[in-house]
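Throughout, a chain's letter reflects where its sequence line sits, starting with A, and its residues are numbered from 1. When reading the values below, keep in mind they use all heavy atoms of this one structure, side chains included, and skip hydrogens, waters and symmetry mates.
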Amino acid sequence: MTQPNLTKNDGITPRSQDYSQWYLDVIKRADLAEHSAVRGCMVIKPHGYAIWEKMQRELDDRFKATGHVNAYFPLFIPLSYLTREEKHAAGFAKECAVVTHHRLKSIDGKVVVDPESKLEEPLVIRPTSETIIWDTYKGWIQSYRDLPLLINQWANVVRWEMRTRLFLRTAEFLWQEGHTAHATEKEALEETYRMLDVYADFAENIMAVPVIRGKKTPGERFAGALETLCIEGMMQDGKALQMGTSHYLGQNFAKSSDVTFLNAAGQREYVYATSWGVSTRLVGALIMTHSDDTGLILPPKLAPIHVVIVPIFKNDAEKIKVLEEAGKVAGELKAQGLVVKLDDREGIMPGAKYYEWEAKGVPVRIEIGPKDLEKGSLCLVRRFVLEKEGETEQEQRKRKKTFVPCAEALAGIKPLLDTMQRELLERAHLLRTKRSRVINSLAEFEQFFKDGGGFAWVHWAGTHEQEEEMAKRFETTIRCIPLPDQIPADAHGTGSCILTGQPSAQRVVMARAY
RNA sequence: CGGGACGUAGCGCAGUUUGGUAGCGCGCUUGGUUCGGGACCAAGAGGUCGCGGGUUCAAAUCCCGCCGUCCCGACCA
C-alpha cells in the first residue's frame, strides 16, 4: 500500500493552527476516505468503512433489541410522492437529485441522454424515505393488530449540498432510517424518546462522545415533523455537531398517504408515526472528538484493529525468535476475541510503524524485541498516553512504554482497552465541561464566543426571527432545548431571555455548529 | 451560487512574472547495510503539467471557456 509522506509532522496540520485542515489531514493520514471524481461525493476507504461497519453492528443490535426489523425500500421516489406532504416537500425541494430519463444513446461516437427516453414522471433520488415508506405501509396496515410496525433500513441517501465536507456533509451518504407506525400518540412519542436514548447510549458508551439530548426549536425541526429530538455533541473546537435525530411525525404522513387502521372499538384512525436516523457523519464526530495531532484516536469499541504488534530484531536469528513469539502473542489475543495486526513488514523502521498505526488510531501497540524474549516481558504502548506531558514536539509524540511480564500483559489487554474506552469518554466530558458556560447577558455571551466559544446555556424566549438575529450577530444557533434530566445543576430554573428579557421557563444550549 | 486561493509523478512542492518541450523531496522497485520512536548507500521505474479551445515556429508558462479542490459567505434536518 502506498504511504503518504512520513517526514516532519506526518503531514498533519496542528489542530491549534487550522482545525478544518487538521480534520482533513487526519482523514488522509488515517486512510479513512478521499474525495471522488463526483462532486460532493466521497470514497470511504477500507479503514473508514470498517469503523462504519462497527457502528452499524452496534446500532443494529440495539435496534433489534428494541423490537425493530430491517427492510429495504427503493432508491427512487416518484416525484408525486415526495410532494404529498407539503412541509416535507418544501424542506427538501432545494436539494434533490432527479432522474428524468432511462436510456442513453450513441450519436457520432458520443454517448448522450436519449431524449426519446424521458420518464412520464420524474424520479427523485431519496433524500429520506418517509414518502415511499408510508405509501407502502398503507398496504400493510389494516388493524390495530398490525401495530406497532417497527422497521429500519440501512441505505444511502442523496442531498444535493452546495458545500461538502468529508463525512460531515456529503451529497451522498450512508445512514439508517427507522420508520415506525403506532396506534396511539403516546406510543409513538415513547418510541421517539426510546430511540433517542438508544442513540445517546451508543454515542456515550460506544463512541465515547458525551451528548446532550434535547428538542429542536420549530425552525430546526425535520420537515414534516411535530417534534424533532436530537443528540448534540461538542467537538474539540467547541462547535456543536448534531449526531442523531428522532422525529415524532404525528399523523402527518399517515394523512398524506392515507394510512389508517381499525382500532379495537372498530373505529377507523390514522396511525401515529416516528422516524429516526444517524449517518456516516458519526465517523466525523468520532474524528473531531478524540483525535490529536498524530492522527486518529479510536475508542476501542469501534477500533477495527485493537492491537498492533511490532516485532523488533537485528538479525535473522533474532527475527526467527521474535516473530515466533509475536505469532504466539497474536494467537492468544485473537483467542480472546481481539482483532490483532502483526506488522511483520520488512525494511521499515519500527518507529515508522509506530507512527503509521498511531495515525490510524489503533488503541494498543505491543512491541516485542530480543530484550523482551530474555525477560519474558512485553512492551505495551497506549495510543494517547504520553511518556510525559511534554513541551517539545518530540515529547508530545513519544508514548509511554510499559514493560509487563508476558502472561500479565496478555491478561491485561482487555481491561486496558476498557479503561481506555472510559478515559476517552472522560476526556471528552471534561472538555465539554470546560467549554460550557451558564450565561446571563449578551455581553458575556459575545465574549464567550470571541474567546473560542462552546456550549452557552442561556435563557431564551425569542421568536424564530430573533433566533436568526442571534445567528447573524454571533453565528450561533439554538442547538437544542435540553430534556429536563440533561440540564446541569447550575443551569436549572426559570429566568429571563438573554435577548429579549422576557420570562423564560428553562435554558437552551446555544453554540456554533457544523 | 458570490468573493478569494489553488490544480505539475502516489504524496508535498518548484518552474508560470520574462514562452524554447519538466525538475526537487518523500514514497515506489532492485541490491546491500540497518532495525527498542519516522534509517543509509547505490542503481532504477514513474508525468495526456485538471479538461477543452485559441495565440505562436514553439505553451506547464500568454488568452478564453469549463471542471475540480480548499477557505470565507449564502444555503442546509
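A search for salt bridge (Lys or Arg N to Asp or Glu O under 4.0 Å) contacts involving K319(A) returns E346(A), not counting sequence neighbours. Looking at residues two or more places apart in sequence or on another chain, you find no salt bridge (Lys or Arg N to Asp or Glu O under 4.0 Å) involving E185(A). Residues satisfying the salt bridge (Lys or Arg N to Asp or Glu O under 4.0 Å) criterion with R169(A), sequence neighbours excluded, are E161(A). In this structure Y19(A) satisfies the ring-ring contact (aromatic ring centres under 6.0 Å, His included) test together with W22(A), sequence neighbours excluded. Among residues two or more places apart in sequence or in another chain, the salt bridge (Lys or Arg N to Asp or Glu O under 4.0 Å) test is passed with E475(A) by R512(A).
Taking a pair to require two hydrogen-bonding distances under 3.5 Å in either a Watson-Crick or a G-U wobble arrangement, C24(B) pairs with G12(B). With both pairing distances under 3.5 Å, C35(B) is matched to nothing as a Watson-Crick or G-U wobble pair. Both distances falling under 3.5 Å, in either a Watson-Crick or a G-U wobble arrangement, place G7(B) opposite C67(B). In a base pair of the Watson-Crick type (N1 to N3 plus N6-O4 or O6-N4) or a G-U wobble (N1-O2 and O6-N3), with each distance short of 3.5 Å, U18(B) is matched with no nucleotide. Pairing for G2(B) is with C72(B), a Watson-Crick or G-U wobble pair whose two hydrogen-bonding atom distances lie under 3.5 Å. In this entry U29(B) has A43(B) as its Watson-Crick or G-U wobble partner, both defining distances falling under 3.5 Å. Remark: C62(B) base-pairs with G54(B). Criterion, Watson-Crick or G-U wobble with two distances under 3.5 Å.
Under a cutoff of 6.0 Å and an axis angle of 45°, R432(A) and F455(A) do not form a cation-pi pair.
In the set C35(B), C76(B), G37(B), G37(B) carries the atom at the smallest distance from any side-chain atom of E358(A). The I312(A) side chain lies nearest to G36(B) when the options are C11(B), G36(B), C76(B).
The distance between atom OH of Y354(A) and atom C1' of G37(B), rounded to the nearest whole Å, is 6 Å. When the P atom of G36(B) is taken as reference, atom CD of E318(A) falls 11 Å away, rounded to whole Å. Put simply, NZ on K314(A) is 14 Å from C1' on A39(B), counting in whole angstrom units. The distance from atom CG of L241(A) to atom C1' of C76(B) is 14 Å, rounded to the nearest whole Å. Distance, Y355(A) OH to G27(B) P: 15 Å, rounded to whole Å. Between the CZ atom of R399(A) and the P atom of G36(B) there is a distance of 18 Å, given to the nearest Å. Summarising the geometry, the separation between NZ on K28(A) and C1' on C26(B) is reported as 13 Å, rounded to the nearest angstrom. For K353(A) and C35(B), the NZ to C1' distance is 9 Å, given to the nearest whole Å.
Using cut-offs of 30° and 60° on the angle between ring planes, the pair W276(A) and H68(A) is perpendicular.
Nucleotides G12(B) and G50(B) have their P atoms positioned 14 Å apart, rounded to a whole Å. Separation of the C1' atoms belonging to C63(B) and C76(B) is 38 Å when rounded to the nearest angstrom. Atom name C1', nucleotides G10(B) and G27(B): the rounded distance is 7 Å, in whole Å. A distance of about 23 Å separates the P atoms of G25(B) and G20(B), rounded to the whole Å. Nucleotides G52(B) and A59(B) are separated by 15 Å at their C1' atoms, to the nearest Å. The gap from the P atom of G19(B) to that of C26(B) amounts to 33 Å, rounded to the nearest Å. A42(B) and U55(B) are spaced 49 Å apart, taking the P atom of each and rounding to whole Å. Taking atom C1' in both A14(B) and U56(B), one finds a spacing of 26 Å when rounded to whole Å.
In this structure, E220(A) reaches the sugar-phosphate backbone alone: every heavy-atom distance under 4.0 Å involves primed, P, OP1 or OP2 atoms, never a base. C379(A) comes within contact range of at least one nucleobase, with a heavy-atom separation under 4.0 Å. Across all strands shown, N315(A) has no heavy atoms under 4.0 Å from either base or sugar-phosphate atoms. Residue P127(A) is classed as a base contact, given a heavy-atom separation below 4.0 Å to a base. Base contact: R365(A) has a heavy atom under 4.0 Å from a base atom.
Between G347(A) and Q242(A), the residue anchored nearer the 5' end of RNA chain B, judged by the nucleotide with its closest heavy atom, is G347(A).
Closest approach of V278(A) to Q176(A), counting heavy atoms only: N-OE1, 2.8 Å.
On a pure distance criterion of 3.5 Å, no polar donor-acceptor pair joins the side chain of K401(A) and the base of G36(B).
Checked options K216(A), M243(A), R213(A), Q486(A); the residue passing with E232(A) is K216(A) (criterion: side-chain contact (heavy atoms from CB on, under 4.5 Å)).
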Within the sub-3.5 Å range, which N or O atoms of nucleotides 67-74 of chain B have a protein N or O partner, and how far apart are they?
residue: G68(B); atom: OP2; partner: R39(A); partner atom: NH1; Å: 3.4
residue: U69(B); atom: OP1; partner: G40(A); partner atom: N; Å: 3.4
residue: U69(B); atom: O3'; partner: H35(A); partner atom: NE2; Å: 3.4
residue: C70(B); atom: OP1; partner: H35(A); partner atom: NE2; Å: 2.8
residue: C72(B); atom: OP2; partner: R163(A); partner atom: NH2; Å: 2.6
residue: G73(B); atom: OP1; partner: E475(A); partner atom: OE2; Å: 3.3
residue: G73(B); atom: N7; partner: R163(A); partner atom: NH1; Å: 3.4

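Phosphate contact (OP1/OP2 of C76(B), side-chain N/O of K94(A), threshold under 4.0 Å): present.
Taking 4.5 Å as the limit, every side-chain heavy atom of W175(A) sits out of range of all side-chain heavy atoms of T280(A).
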